[in-house]
Protein chains: 2
Amino acid sequence: MKPEVLAELRRILGPDLVHTAPEVLVCHSYDSQDYSAMPEVVVEPTSAQQVSEIVKLANHYKIPITPFAASTGRTGGSVPIFGGIVLSTRRMNRILKVEVGNRLAIIQPHVINDHLNQEVAKYGLYFPPDPSSKGVSTVGGNIAECAGGPHCLKYGVTRDYVQGLEVVLPNGEIVDTGPFGTRDYASSALIGLVTGCEGTLAVITKAYIKLIPLPKVYRTMLVGFDDLTAMARTLTGVFYSGILPAVMEFIDNAAIRCVEAYLHAGLPVEAESLLLIETDGDSISTEIEFNRILDICKNNGATSIQIAETKERRDQLWLARRSLNAAIMRYKPVKIAEDIAVPRGALLEMLEGTKKIAEQYRVHVVNYGHAGDGNIHVNIMLENDPEEIKRGEEAIDEIFRLTLRLNGTCSGEHGIGITKRKYCSWEFQGASYTIQLAIRDTFDPNHIMNPGKIFE
Amino acid sequence: MKPEVLAELRRILGPDLVHTAPEVLVCHSYDSQDYSAMPEVVVEPTSAQQVSEIVKLANHYKIPITPFAASTGRTGGSVPIFGGIVLSTRRMNRILKVEVGNRLAIIQPHVINDHLNQEVAKYGLYFPPDPSSKGVSTVGGNIAECAGGPHCLKYGVTRDYVQGLEVVLPNGEIVDTGPFGTRDYASSALIGLVTGCEGTLAVITKAYIKLIPLPKVYRTMLVGFDDLTAMARTLTGVFYSGILPAVMEFIDNAAIRCVEAYLHAGLPVEAESLLLIETDGDSISTEIEFNRILDICKNNGATSIQIAETKERRDQLWLARRSLNAAIMRYKPVKIAEDIAVPRGALLEMLEGTKKIAEQYRVHVVNYGHAGDGNIHVNIMLENDPEEIKRGEEAIDEIFRLTLRLNGTCSGEHGIGITKRKYCSWEFQGASYTIQLAIRDTFDPNHIMNPGKIFE
């Protein structure tokens, strides 16, 4: 990094918000997948105006700039693979306003999911997207990756809650769509492009977040099955019944055993698979829907049903669910973690196909995820052995081919980043791919904004 | 139109689907606002392949091409202002598939809203967007304009129901995102750009429509107020209560009188304003929410409450609501109809400000619309007198200035087309405007797709 660039960054931000110490750089070199890369400098702007000046500077010197929030991403979106500037959002972490009558929160990007929900819950309001990392992940990061989570089955993903954005474009221009952005075409097109762009088109500096009424009660059950067909039949039964549960999470036997060994939560370790099902809303309809789903489970071959009768038990089941990603590392030391989604009617075919592929390539697969959305986290668990890892990678290629044959997508909710570029290039059709590249050139002719992400 | 172009169109479509007869042209020259323009030829393709060939031909000869569905639009989106080819979607009117377990309908663009709902209701499913023209308007048109409607308060607008699209781009390329388009970034960006683009970026040839469970019951009330403040207080009371009603429609006194004179529906003509409120869902929670809203209305100064105790009465109230646009023509012969939206907390200020502007410019204003969304249809009613019409136009300019001061938007749900280009150019900020123009150039370098719409 040229000294004059560092000097200019210090002029914009003051010396305390510009970091070149190795211990700071290394903390901004990775996210929650395996690949890491070192930035040359980390900056911590406190305002859109400062972000604008930093971006203009980067544009002038053609220096890559990677927005960085809580780095809980799963596909490398915040990893500065070409070095350059990491732009940390951590000093922009305030909830600016909660407008109760408008059901709107105006926030800076680095507000933590759980903090936003704690604050708006005071007014009986709710922001549903709930990635497993919600205790540390930021809403700005959620928007950049268009994050999902278990409750997105009923409530939709992050995109459905972005009513407006203030962004800094790669030329340094600040655009604020206001709280009503999704109502006008130009703003809504901009919001649609920036949401999920993983920082490749703009830096998010403020968000207008739609809130909904907080559910009054939750009812949670854990249902065991001895075979996948019964599980799939139950899923179909619920969707044919006209009920939209808040949550329908799938966990396979290997994942159940790993998390039970870790948490001792009393999960039925003999079950071939589990569904974690939750209904929510007002107390009466939540109970009615819960009981109807119980019947559907019984009528479709459930072999065990546990009902969470206390808040503590519900919390424990959710802790088990959210610990899966870490717990399955008990299984084998190397994990290739993917995140596919297929139309839910094709879920059984996907799971059975995955099993066959695993047998063919002699690897172990652990599956869990949002069954109600058809979104499954497929994890290939491997010994630290080059030959076995090679087989794992071949198996993943096959799994993605199957996903696309079933009209699915290679990235259910984890974005594309660097780890899925290859598969998404299979998925995106000619014109939607080339148009997207042309749009990126329109926004960012010098390719300074998080280069190397999404597109190969 | 050059004879070789007509010959080529006849080769692509056969002679019966290419029309140059004046009686056909005139039927494709207008929508439901005042301005009309004649096309040179009307074509009726039956497949994406034919659309692709037509678009390629138009691109080669640089002939404007205007997609045309039911022409129920309110801002001129389907009016061929530069002549050329009108591409009618009317031969692509089939529901291709309803996947009940996936809660998905795969449709051609010219499926009528009500027809889609009649078909999917057989499976207990529902497509919520309900413009007043839903008996004749098409889902493809809804997508092109991102249409709303009364029930969009609870359920969201058309954009929220587009899971995927097949479109023909201006270069003739056919892109099909598949049913899961909103799950991957490139496809979701494309869907976001095409939804609401009013045919300026692509022709929609197929849509993957998200469906939700059909509400089991509806409860409907018509609440009268003697002053706007009580109405606004009621609205706020409901939103603070944590209830999200399906519908909260506002009708002012002038509109009430016009529609009552037309329909004799027993509306309370003395009320200064009415709220038409509906809750829906399962029978128990619908009733609970309905009763809580009744209390909120009583506690905030409602002067009359009518409850629709039968389906017939509900239908009659809805007929009254949907007839407003036509009925208010009784008031005065010339109407300038606008469609603004402000954050709902600013609704009272907007309505009172509109009143003042009307007094200042000595014109009559009739207001109705989706109060719960802050979306009001402001109608300036005028004698057919040039001086009065000039005052009306000046008043509309003032109303739009007020809208923007209140963080609102000039187009709540009717699109921009030709009638709102001027106001939207006030609204769109520098970069979001220029980026949108650059994106249009990327899609359509020859500007053949519905030129002259949205942007001035």
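Below, chains carry the letters A, B, ... as their sequence lines are ordered, and counting in each starts from 1.
For a residue to count as touching a neighbouring chain, one of its non-hydrogen atoms must lie under 4.5 Å from one of that chain's; by this rule A:Leu201 touches chain B with the side chain only. A:Asn171 does not touch chain B: none of its heavy atoms, backbone or side chain, sits under 4.5 Å away. With a 4.5 Å cut-off on non-hydrogen atoms, A:Cys410 does not touch chain B at all. Residue contact with chain B, scored on non-hydrogen atoms closer than 4.5 Å, involves the backbone and the side chain of A:Leu193 alike. Heavy atoms closer than 4.5 Å to chain A are found in the side chain of B:Ile288, but not in its backbone. No part of A:Leu235 comes within reach of chain B, as not one of its non-hydrogen atoms sits under 4.5 angstrom from that chain. The part of A:Asp282 that comes within reach of chain B is its side chain, from C-beta onward, which places non-hydrogen atoms under 4.5 angstrom from that chain. For chain A, the nearby parts of B:Leu244 are the backbone and the side chain; heavy atoms of each come within less than 4.5 Å. Heavy-atom distances place no part of A:Leu104 under 4.5 Å from chain B, backbone and side chain included. Proximity to chain A (any heavy atom under 4.5 Å) is restricted, for B:Ile454, to the side chain, taken from C-beta onward. For A:Pro179, the part sitting under 4.5 Å from any heavy atom of chain B is the side chain, from C-beta outward, and nothing else.
Between chain A and the options B:Val194, B:Ile416, B:Ile284, B:Leu190, heavy-atom pairs under 4.5 Å are most frequent for B:Ile284. When each of B:Gly374, B:Gly192, B:Gly345 is checked for heavy-atom pairs under 4.5 Å with chain A, B:Gly345 comes out on top. Chain A forms the most heavy-atom pairs under 4.5 Å with one residue out of B:Ile191, B:Leu214, B:Val157, B:Val342, and that residue is B:Val342. Chain A forms more heavy-atom pairs under 4.5 Å with one residue of B:Val238, B:Val100, B:Thr182 than with any other, namely B:Val100. Chosen from B:Gly178, B:Ala189, B:Gly196, B:Gly156, the residue pairing most often with chain A at heavy-atom distances under 4.5 Å is B:Gly196. Options B:Ser411, B:Gly408, B:Cys197 differ in how many heavy-atom pairs under 4.5 Å they form with chain A, and the most are formed by B:Cys197.
Within residues 160-169 of chain B, the residues having any heavy atom under 4.5 Å from a heavy atom of chain A are, by residue number, B:Asp160, B:Leu169. Scanning residues 435-445 of chain A against chain B with a 4.5 Å heavy-atom cutoff picks out A:Ile435, A:Gln436, A:Ala438, A:Ile439, A:Thr442, A:Phe443, ordered by number.
Shortest non-hydrogen contact noted between B:Ile243 and A:Arg103 is O-NH2, 2.8 Å.
Every pair passing side-chain hydrogen bond (donor to acceptor under 3.5 Å, both in side chains) that includes a residue from residues 187-199 of chain A is listed here, sequence neighbours excluded: A:Asp184-A:Ser187, A:Ser188-B:Arg159.
Between atom CZ of residue B:Arg344 and atom CZ of residue A:Phe180 there is a gap of 8.0 Å, rounded to the nearest 0.5 Å.
A:Lys453 pairs by the salt bridge (Lys or Arg N to Asp or Glu O under 4.0 Å) definition with nothing, not counting sequence neighbours.
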